[in-house]
Amino acid sequence: MRFCVCVKQVPDVTAPIQISGGQLSYDAGRVVLNAYDASAVEAALVLTAEHGGEVDVVLVGPERAAETVRKALAMGADRGTHLVADGELDSAAVSSLLAAVASGYDVILTGKQAQDSDAGLAGGMLAERLGLPYVTNAVGLAQEGDAIVVTRLGDAGQETIALPTPCLVTCSNDMNDPRIPNLKGIMAAKRKTIDTRPATDVPAARVTTLGYEPLPTRAAGRRLDGEPAAQAAEVVRLLADEASVL
Amino acid sequence: MSTVLSYVAAPEGVPTRASLEVLTRARQLAEAGGHRVAAVVLSTDAAASADVLGRYGAATVYAVSDAAFAEPLNAPAVQALADVMARADAALVLFPSTEGVKDLLGALAIRTDAAVLPDVVEVDWVDGGVGALRPVMASKFMARVRAEGSPVLVSMRAGSVEASEAPVEPTVENVSLSLDASAATLREIAGAAAGMVDLADARIVVAAGRGVKDAAAKALVEELAEVLGAAIGASRAVVETGVFPATAQIGQTGKVVSPDLYIGVGISGAIQHVAGMVGSRTIVAINQNADAPIFDVATYGIVGDLYSVVPALIAEIKKHKAG
Ligand SMILES: Cc1cc2nc3c(=O)[nH]c(=O)nc-3n(C[C@H](O)[C@H](O)[C@H](O)COP(=O)(O)OP(=O)(O)OC[C@H]3O[C@@H](n4cnc5c(N)ncnc54)[C@H](O)[C@@H]3O)c2cc1C
Ligand SMILES: Nc1ncnc2c1ncn2[C@@H]1O[C@H](COP(=O)(O)O)[C@@H](O)[C@H]1O
């Protein structure tokens, strides 16, 4: 089957990120392939290794995001498309740009959410734009003939859902451990094609980010010392009298 | 007059706590904006929860009953909600941010040409638009966002507002639709054990991490949860090893919980875990490493070995409950 995996470059959330003047600032070098998208790439590579097929990746982002496309190619993807766009795009705009590139594939994979926006929208939006059946928050993926069988984590438990192809699946990182590109993969990626072109017809954003704020401050915590019995007695007293939760 | 519509998740006919919180906020926003307030329920027997929804102020309840809603598939839900939004002339639709809602929100936004603000902790009318505050970057920061036009879809994190009653006699609109056959087919649901407290709706959560190494420690966590009437959560570390079910995972990948009380046992407090619990009202951390980052967000920190702290805590809670 032919897979198209949508990958985003995001700031590394474990690196230092500051707020100044309502905007976020971080080291431009500390950007990564969105962890959920890495799992999507891994899933496509595993399925095509077993059943045959190919894996293309598509990214919307600034020039410097080319390295993230390259990273997916180094993992083993066959070809990349990089739609160059600067500035913040909401999930609706991104999904509209992705729709033009991702149509015609048997299976489209996205991450369940971007680690920076934590929105979790673009996958479902893309499926709707292309009229495809889809499943979100997949933790398992299998191919059975022409169908894709997805295990997803729902509210009540693990749901197993069969989708006819073409279809779209959004992936959780609980699905697999994405491979780290080896030297051979990195060398091979240098010879793979990236179709780089400017994003055109970027829809006007319906959603705008006015600015960023720190989290509301929590009251400074208290350490409870002493032997376990004393600690337990003190915390129960505080939970009952101070926090009123017991 | 257009409507502020509130989506209600009502498994077994009982609206979840998060759904009643969302309905409360919908009612307040309808009042402030001069709109009608209505609730929509998709279920096999959707009218069953109308009385409760009236108690929380739903003037109209759109009850869409169909056997299809016995299965957690997104296509019928998207179709039904798009239909009800049109019927109700919805200007704003509020949802609880459940996995079921996350599964349909993006598609519904495109289908209904709506702007969408997912997973917010505050929402209000702002200068003719809808403004919201939403955690981003693994809940390290808040983004102040704004949506233009109508309709706008907003999903709210559980615990963002306090549910309050404002009783009315609801008008029940039974909506019958001919739903398209779903291309996706459900094969099975491996469910959580019956009788377990639902994590996202729980008032008290006891969460276990890698420090909970063996059956003895797991039994302690289960006993602590039981004496508190708490739901059991877990870090990714102990979900990966299969010690706790995947549905118990709290965090950026897992569920977001904001209970009145969260107790973390043997959890270090990695950013991706904290993302799922930092909204809890009171946080207790039990960890033997005094430098564990979980203590940075803890209301009460207990540095100690869980094998001795948890039994002492169980005994102390039992004593408190008895007396
Ligand atoms: C994209 C991404 C998404 C992720 N999503 C999630 C998520 O949703 N949820 C999540 O939890 N993680 C998530 N993670 C993983 C996260 O980064 C951490 O690896 C994980 O939370 C660690 O779990 P832990 O705290 O149980 O384990 P550890 O970090 O190993 O901490 C164990 C703690 O137990 C303490 N301990 C050990 N023995 C005892 C004892 N006897 N008594 C008391 N304390 C003891 C130790 O001092 C230590 O602090 C994600 C990671 C990534 C990259
Ligand atoms: N700029 C982008 N380029 C390519 N794919 C993207 C982009 N933004 C989002 N996606 C895909 O859509 C998923 C969900 O994104 P979001 O709706 O922002 O949470 C991501 O995990 C990616 O797979």
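Quick note on labels: first sequence line is chain A, next is B, and so on, each numbered from 1. Only heavy atoms go into these numbers, but all of them, side chains included; no hydrogens, no water, no symmetry mates.
- Only one option out of B:V116, B:L108, B:L105 pairs with A:M125 in a side chain to side chain contact (heavy atoms under 4.5 Å, CB included); it is B:V116.
- B:R146 has its side chain out of reach of A:V207: every pair of non-hydrogen atoms, C-beta onward, lies at least 4.5 Å apart.
- Residues B:V284 and A:V235 have side chains in contact (heavy-atom distance under 4.5 Å, counting atoms from C-beta outward).
- At least one side-chain heavy atom of A:L215 sits under 4.5 Å from a side-chain heavy atom of B:V278.
- Of all the listed residues (B:I286, B:D260, B:L186, B:V101), the one sharing the greatest number of non-hydrogen pairs under 4.5 Å with chain A is B:L186.
- Only the side chain of B:K255 comes within contact range of chain A, judged by heavy atoms closer than 4.5 Å.
- Residue contact with chain A, scored on non-hydrogen atoms closer than 4.5 Å, involves the backbone of B:S280 exclusively.
- Atom CD1 of B:I302 sits about 5.5 Å away from atom CG of A:L224, to the nearest 0.5 Å.
- For the set B:S182, B:A290, B:A315, B:S155, the count of heavy-atom pairs under 4.5 angstrom toward chain A peaks at B:A290.
- Ranked by heavy-atom pairs shorter than 4.5 Å toward chain B, the options A:L246, A:V236, A:L132, A:N173 are led by A:N173.
- Of all the listed residues (B:N74, B:D119, B:V309, B:I314), the one sharing the greatest number of non-hydrogen pairs under 4.5 Å with chain A is B:N74.
- Annotation: side chain of B:I283 is in contact with side chain of A:R218 (closest heavy-atom distance under 4.5 Å).
- Salt bridge B:D113/A:R206: present, at least one basic N to carboxylate O contact under 4.0 Å.
- The environment of A:E227 atom CD is sparse: at most 12 non-hydrogen atoms of other residues, nucleotides or ligands sit within 6.0 angstrom.
- No more than 12 heavy-atom neighbours from other residues, nucleotides or ligands sit within 6.0 angstrom of CG on A:D146.
- To the nearest 0.5 Å, the span separating CD1 on B:I317 from CG on A:L239 amounts to 7.5 Å.
- When each of A:S172, A:G154, A:P214 is scored by its heavy-atom pairs under 4.5 Å with chain B, the top score falls to A:G154.
- Per-residue heavy-atom pair counts under 4.5 Å with chain A were compared for B:A109, B:G100, B:A147, B:A107, and the maximum is reached by B:A107.
- Among B:L261, B:L104, B:V121, the residue making the largest number of heavy-atom pairs under 4.5 Å with chain A is B:L261.
- Between B:E99 and A:R152, some side-chain heavy-atom pair lies under the 4.5 Å cut-off.
- Heavy atoms closer than 4.5 Å to chain B are found in both the backbone and the side chain of A:Y134.
- Looking at B:L313, both its backbone and its side chain come within 4.5 Å of chain A, counting heavy atoms on both sides.
- If you take OG1 on B:T247 and CG on A:D155, they are separated by 10.5 Å, rounding to the nearest 0.5 Å.
- Interface remark: A:V139 contributes no atoms to any contact with chain B (heavy atom separation under 4.5 Å).
- In terms of heavy-atom pairs under 4.5 angstrom with chain B, the leader among A:A114, A:G226, A:A122, A:P228 is A:P228.
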Checklist entry - Does the pair A:T14 and B:Q272 meet the rule for a side-chain contact (heavy atoms from CB on, under 4.5 Å), with working shown? => result CA-CA 9 Å; A:T14 60; B:Q272 298 92 347; 3.8 Å; yes
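- Between the side chain of B:Q252 and the backbone N or O of A:D118, no donor-acceptor pair lies under 3.5 Å.
- Put simply, the side chain of A:V149 reaches to within 4.5 Å of the side chain of B:R187, judged on heavy atoms.
- The OG1 atom of A:T208 sits 12.5 Å away from atom CZ of B:R144, with the distance rounded to the nearest 0.5 Å.
- When side chains are defined from C-beta on, A:P216 counts as touching B:M142, because their heavy atoms get closer than 4.5 Å.
- Under 3.5 Å, the side chains of A:E234 and B:Y300 contain no donor-acceptor pair of N or O atoms.
- Counting heavy-atom pairs under 4.5 Å between each of A:S95, A:A119, A:P133 and chain B puts A:A119 at the top.
- The residue among A:R223, A:Q113, A:R237, A:Q115 with the most heavy atom pairs within less than 4.5 Å of chain B is A:R223.
- In this structure, CE on B:M137 lies 6.0 Å from OH on A:Y26, to the nearest 0.5 angstrom.
- Inter-residue side-chain proximity for B:T299 and A:R222 is flagged as unmet; no heavy-atom pair is nearer than 4.5 Å.
- Minimum interatomic distance between A:S117 and B:V136 (heavy atoms only, all atoms of both residues): O-CG1, 3.8 Å.
- Heavy-atom minimum distance, A:Q158 versus B:A246: NE2-CB, 3.7 Å.
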Checklist entry - How far apart are the C-alpha atoms of A:E213 and B:L133, what are their side-chain angles, what is the distance that settles it, and do they pass the side-chain contact (heavy atoms from CB on, under 4.5 Å) test? => result CA-CA 9 Å; A:E213 300 171 12; B:L133 200 59; 3.8 Å; yes
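- Counting heavy-atom pairs under 4.5 Å between each of A:L24, A:L126, A:V10, A:I148 and chain B puts A:L24 at the top.
- Salt bridge A:D174/B:R236: present, at least one basic N to carboxylate O contact under 4.0 Å.
- With a 4.5 Å cut-off on non-hydrogen atoms, B:E71 does not touch chain A at all.
- A:I161 contributes atom CD1, which lies 8.5 Å from atom OG1 of B:T185 (distance to the nearest 0.5 angstrom).
- Interface remark: B:A114 contributes backbone atoms only to the contact with chain A (heavy atom separation under 4.5 Å).
- Although no hydrogens or angles enter the test, the distance criterion places no donor-acceptor pair under 3.5 Å between the side chain of B:K102 and the main chain of A:G120.
- Comparing B:R134, B:K319, B:E240, B:R281 by how many heavy-atom pairs each has under 4.5 Å with chain A, the most go to B:R134.
- The contact between B:L117 and chain A is made entirely by side chain atoms (from C-beta outward), counting heavy-atom distances below 4.5 Å.
- What you find for A:L163 and B:A184 is that their closest heavy atoms are CD2-CB, 3.5 Å.
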